[in-house]
Amino acid sequence: MISELVTEIKGVGAKAAEDLSLMHIHTIVDLIYYFPYRYDVYEIRPLSELIHEDKVTIEGRVLNDPSLTFFGRKKSRLSFTVEVEGVAIKAVMFNRAFAKKQIQAENIITLTGKWDAHRLQITVSNYKVGPAEDQEKINPIYSVKGDFTNIKLKKVIQKALTDYGTGIHEILPERYLQSYKIPNRKDALFTMHFPKDRVALKHARRRFTYEEFLLFQLKMQLLRKLKRESTQGNAQHYDPILVQEFIGSFPFSLTSAQEKSLNQILADLKSPYRMNRLLQGDVGSGKTAVAAISLYASITAGKQGALMVPTEILAEQHYQSLTELFGERAKIVLLTGSIKGKKRKEILAKVLNHEADIVVGTHALIQDEVIFNDLGFAIVDEQHRFGVEQRRILRDKGLNPDVLFMTATPIPRTLAITAFGDMDVSVIDEMPAGRKEIETLWAKENTFERILTFIEQRVAEGEQAYVVSPLIEESDKLDIQNAVDLFHQLQEYFPKEVKVGLMHGRLPAAEKDGVMKQFAANDLQVLVSTTVVEVGVNVPNATIMVIYDADRFGLSQLHQLRGRVGRGKKQSYCILISEPKGEVGKERMRIMTETTDGFELSEQDLKLRGPGDFFGKKQSGVPEFKVADMIHDYRALETARKDAQEIIEENLLENDEDYYPLRHYIENQFSFTDKLD
Ligand code: ADP
Ligand code: MG
């Protein structure tokens with residue numbers, strides 16, 4: 001039986017089993033699924049095609065017996081000359097004194113190692129006396145522990161495959177193998193360990209990439225389905241006529257992307273399931289409008305709504321714009337940490353006795369003192385700024401309320417598919433018409449004077465500018481000092497008519513609010529700020545965003561900052577001041593100047609940073625795959641997603657016997673019940 005312990009394999013004793021367990025190999029299945037982490041490909045190429053510093057394989061004739069020198073306590077160097085294509089190549093081998101006996105003048109030898117094209121030298125990592133034809137062309141390299149060597153592990157795997165290979169059964173329906181032209185499970189497994197050639201290996205890897213993605217997708221989607229079915233929600237019977245009338249009162253008509261997202265949300269509200277949906281859309285794509293309409297729908301169904309945002313400024317802005325939008329349609333209250341005393345009590349009372357229809361607020365919303373009368377719909381803006389626990393507390397403020405998460409961080413589709421596989425996702429991937437593209441420039445620090453002149457000119461035209469101050473890592477205090485210094489510097493530089501303001505996180509809330517209001521009213525023309533200005537603030541008259549130390553920010557954050565401008569009808573500019581040292585920093589600047597599409601940007605960010613970094617290490621929730629790579633194999637990921645969707649929607653695991661092996665496999669692999677919260 002393939003599921004038995006490795007000790008069943010002839011020749012694997014207690015010690016070997018112990019070593020194998022260090023590699024997390026316990027059963028025979030574990031063993032045959034222990035894939036090489038890389039493959040060394042030995043392929044003889046002409047000298048002229050060898051690339052400097054590449055790992056290469058050459059075949060030649062040894063010209064002299066190797067000479068051995070010792071240095072240090074245990075270190076040695078063996079060197080000799082090899083003739084390849086009539087050229088003398090120097091071969092150097094470290095710490096393998098024993099090879100001196102094996103290599104002699106006139107031997108034909110095959111060497112693999114790092115190529116130095118300038119010195120015509122190879123630093124040998126592998127050698128074999130004899131011509132290359134005898135050599136295995138593709139050598140799988142495993143990560144080994146204990147007494148195991150690569151060769152020993154290969155032998156054990158070979159034995160396992162020979163003796164137990166008949167126990168490997170296909171789990172994918174034949175139709176997938178056919179349409180994607182991928183090998184069956186058994187063949188693919190053999191190939192992973194003993195590849196005939198590159199092409200076979202490629203197809204075997206394709207197969208496991210697809211298999212891993214499909215299983216992952218099925219798992220996520222089954223989980224989602226289970227969650228839906230097991231969590232009672234409310235069927236909110238909203239009034240479609242009132243909702244239409246509300247939409248009609250807007251000074252603009254919705255983009256079709258807004259409409260599509262809205263309809264998905266409304267359908268969730270109406271259904272008896274509990275909504276668990278993510279609304280994604282670039283800065284300025286109009287998420288707030290969609291949120292407002294759906295909040296209104298819930299109100300017409302007699303419920304209360306909540307909108308939770310990460311900062312006070314943002315809460316106040318949302319409060320104001322919603323109050324304007326709703327007019328007499330709803331009672332909206334604001335609840336933040338800085339609202340205290342009697343006023344706070346009044347607001348809490350309104351929330352409790354349903355005098356308030358909508359509460360907009362910060363973390364203050366999830367304090368114990370906040371008790372809703374009948375919370376039906378909760379929206380969390382900039383959801384990644386809240387922890388899982390905070391989101392849960394908000395949800396528990398009502399009786400199974402529908403929950404919508406919003407994010408302006410355009411999460412790459414590849415990541416969204418995986419990280420949010422158990423959420424429904426709506427995407428606003430279209431900007432309202434008539435927006436001017438923000439022009440992005442990359443400047444060096446010594447051009448700062450010119451930038452200031454430029455700001456002065458724009459201000460003379462009635463426009464405004466943000467200047468984000470230099471960033472000092474991990475030090476809030478120093479960042480503020482920077483902002484203060486820059487503030488004084490600019491105050492001195494600009495003539496009296498240009499009023500400069502200062503904004504940073506340590507200012508008391510009332511003062512922040514005051515500064516923001518002055519800037520919004522164009523009483524201040526230039527706002528020096530730390531990154532607190534990053535989230536959501538809306539001043540359409542601001543047309544310039546200058547960012548110091550731009551290379552110290554991630555692409556997504558830069559994009560967020562840039563999104564503070566370009567909100568009005570005038571041409572806007574984003575000026576990135578930076579002199580990045582590394583290639584990645586330079587690449588980031590280049591990407592910023594080349595695209596304003598948040599999704600494109602986030603895909604690029606993902607490529608530069610890798611999935612783990614994208615959400616920060618802790619909450620990354622990005623699964624690890626053995627073979628598959630989310631970035632490079634994203635097409636396969638999308639294919640697998642579609643297939644998984646079809647399998648779940650049409651209930652093929654139960655309805656179609658071609659899918660039974662897959663179903664059994666999943667049932668054995670995953671335990672779903674403990675994943676439901
Ligand atoms: P987001 O929350 O996605 O950043 P907002 O909802 O704040 O975007 O919208 C940004 C601006 O665009 C707001 O001033 C809003 O009134 C306006 N807006 C929203 N939807 C549309 C639309 N369909 N057509 C024109 N303007 C729109
Ligand atoms: Mg917004």
Side-chain angles (χ1 to χ4, degrees), residues 243-244 246-265 277-296 305 307-311 313-327 329 332 358 360 379-386 404-411 416 425-438 464 466 516 519-522 533-543 545 556-570 572 574 596-599 601-602:
V243 171
Q244 270 314 317
F246 183 40
I247 297 171
S249 76
F250 285 20
F252 48 76
S253 47
L254 298 179
T255 62
S256 57
Q258 278 174 314
E259 228 161 67
K260 190 169 153 212
S261 298
L262 177 65
N263 287 333
Q264 290 166 339
I265 294 166
R277 183 174 287 278
L278 179 73
L279 176 61
Q280 260 188 281
D282 214 339
V283 205
S285 62
K287 293 183 296 298
T288 313
V290 173
I293 299 163
S294 35
L295 277 169
Y296 183 58
L307 174 58
M308 184 162 78
V309 301
T311 65
I313 299 176
L314 200 54
E316 284 159 23
Q317 271 206 348
H318 272 309
Y319 170 70
Q320 260 151 29
S321 60
L322 288 184
T323 307
E324 267 169 46
L325 262 177
F326 276 89
R329 286 184 181 84
I332 306 176
I358 299 173
V360 180
I379 303 183
V380 181
D381 196 9
E382 304 296 337
Q383 59 93 21
H384 60 283
R385 301 227 164 188
F386 295 96
L404 179 70
F405 301 99
M406 303 205 292
T407 181
T409 307
I411 296 151
V425 180
S426 296
V427 183
I428 306 183
D429 51 3
E430 174 188 6
M431 283 293 184
R435 291 269 168 84
K436 278 223 170 69
E437 190 142 300
I438 301 165
Q464 291 166 275
Y466 294 98
M516 220 45 234
F519 189 64
N522 200 2
V533 79
E534 179 192 345
V535 173
V537 183
N538 194 13
V539 181
N541 195 49
T543 55
M545 168 61 71
S556 296
Q557 206 181 359
L558 288 173
H559 184 64
Q560 291 289 312
L561 284 168
R562 178 166 63 182
R564 296 306 108 214
V565 297
R567 310 195 133 228
K569 291 194 179 62
K570 292 182 196 147
S572 287
C574 174
T596 52
D597 176 338
F599 283 94
L601 250 149
S602 64

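Read the numbers this way: they start at 1 and go in the same order the structure lists the ligands and their atoms. Atoms considered below: every heavy atom in the structure, side chains included; atoms not considered: hydrogens, waters and symmetry mates.
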Worksheet item: Counting only N and O atoms by type, is there a donor-acceptor contact under 3.5 Å from the side chain of Gln258 to the main-chain atoms of Gly286?
Response: yes
Discussion item. Please check: side-chain N/O of Gln464 versus main-chain N/O of Phe519, any donor-acceptor pairing under 3.5 Å?
Written reply: yes
Only heavy atoms of [X], strictly under 4.0 Å: list the atoms of ligand 1 that pass.
| X | value |
| --- | --- |
| Ser285 | 3 (O), 8 (O) |
| Thr255 | 23 (N) |
| Asp282 | 3 (O) |
| Thr288 | 2 (O), 5 (P), 6 (O), 7 (O) |
| Ala289 | 6 (O) |

Any [X] side-chain heavy atom under 4.5 Å of [Y] side chain:
| X | Y | answer |
| --- | --- | --- |
| Leu325 | Tyr296 | no |
| Val539 | Met516 | yes |
| Leu307 | Leu322 | yes |
| Val427 | Lys260 | no |

[X] near ligand 1 by a heavy-atom separation under 4.0 Å:
| X | result |
| --- | --- |
| Gly284 | yes |
| Ala408 | no |
| Ile428 | no |

Backbone, side chain, both or neither: what part of [X] comes under 4.0 angstrom of ligand 1, heavy atoms only?
| X | result |
| --- | --- |
| Met406 | neither |
| Ser253 | backbone |
| Leu254 | backbone |

Discussion item. Polar contacts were defined as any N/O atom of the residue lying under 3.5 Å from an N/O atom of the ligand; does this apply to Gly286 and ligand 1?
Written reply: yes
Worksheet entry | Smallest separation among heavy atoms of Gly598 and Asp282, with atom names |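 That closest heavy-atom pairing would be N-OD2, 2.9 Å.
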Discussion item. Which heavy atom of Met545 sits nearest to which heavy atom of Leu561, and what is that distance?
Written reply: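 Looks like CE-O, 3.1 Å.
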Worksheet item: Under 3.5 Å, is there a donor-acceptor pair between the Arg277 and Ser426 side chains?
Response: yes
Worksheet entry | Selection from Gln280, Gln258, Arg567, Glu324 by shortest heavy-atom distance to atom 23 (N) of ligand 1 |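 Comparing heavy atoms across Gln280, Gln258, Arg567, Glu324, the nearest one to atom 23 (N) of ligand 1 lies in Gln258.
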